[in-house]
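Have a look at the structure below before the remarks.
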Amino acid sequence: MPSTTQGRRTSQVWRVAVLGTIAALPASVVINWLPNSEATAGGGVMIVGPIIAGAIAAQRSVEPSAAGLRTGFLGGVVAVSGFVLTEATAVAWSLNTIVFFLIAAGMLLCLSPVFGLIFGRIGGWAAHTVAGFGVNQAS
């Protein structure tokens with residue numbers, strides 16, 4: 001069965017995105033231990049995850065923006081899931097509350113890839129800058 005380059009690239013981008021998401025979970029836990037920190041797992045994955053994914057993507061010749069975009073989306077899914085698992089059980093669910101939650105979750109899932117795109121580019125830029133600096137210095 002012939003392998004297409006586009007199919008392989010999409011798969012590689014998602015692998016990098018999932019890797020960035022998983023790597024960001026312990027980092028967001030450590031950030032949450034800092035004094036006066038109100039960080040959540042979803043917020044940490046939306047910011048730290050795309051930076052990690054962008055850096056990994058830059059080293060693997062994958063587009064850092066694409067990896068960051070997908071990692072940001074996964075961070076939004078983690079944030080919505082975290083709310084549903086922790087806070088949603090204590091809320092009295094009326095029709096207005098359900099509509100508000102659906103609108104808020106939709107907005108979060110639409111905005112989190114934007115954060116991921118920005119921070120994925122930052123991670124890719126940092127990886128190129130640090131890796132390029134080390135190579136230029138050694139030459």
Closest heavy-atom contact between [X] and [Y]?
X: A105; Y: V80; result: CB-CG2, 4.1 Å
X: T71; Y: P50; result: CG2-N, 3.6 Å
X: G120; Y: P64; result: O-CB, 3.5 Å
X: A17; Y: A67; result: CB-O, 3.9 Å

Check: G72 main-chain N/O paired with S112 side-chain donor or acceptor under 3.5 Å: yes

R70 (side chain) donor-acceptor with A66 (main chain) under 3.5 angstrom: yes

Could I get the full list of side-chain contact (heavy atoms from CB on, under 4.5 Å) partners for [X], not counting sequence neighbours?
X: F73; answer: V77, L109, P113
X: I98; answer: W93, L102
X: A55; answer: A127

Same cluster (ILVMFWY, side-chain, under 4.5 Å), [X] and [Y]:
X: F115; Y: L117; answer: no
X: I118; Y: I51; answer: yes
X: I122; Y: V114; answer: yes
X: V91; Y: L108; answer: yes
X: V48; Y: I56; answer: yes

Minimum side-chain heavy-atom gap R60-L19 below 4.5 Å: yes

Student check: side-chain heavy atoms of L95 and F100 closer than 4.5 Å: no

What distance separates [X] [atom1] from [Y] [atom2], expressed to the nearest 0.5 Å?
X: E63; Y: R121; atom1: CD; atom2: CZ; value: 7.5 Å
X: M46; Y: L111; atom1: CE; atom2: CG; value: 9.0 Å
X: I52; Y: I22; atom1: CD1; atom2: CD1; value: 11.0 Å

Set of residues satisfying ring-ring contact (aromatic ring centres under 6.0 Å, His included) with respect to F83, sequence neighbours excluded: F101

Contact list for residues 26-60, test ring pair (Phe, Tyr, Trp, His ring centres under 6.0 Å), sequence neighbours left out: none

Residues forming a side-chain hydrogen bond (donor to acceptor under 3.5 Å, both in side chains) with S94, sequence neighbours excluded: T97

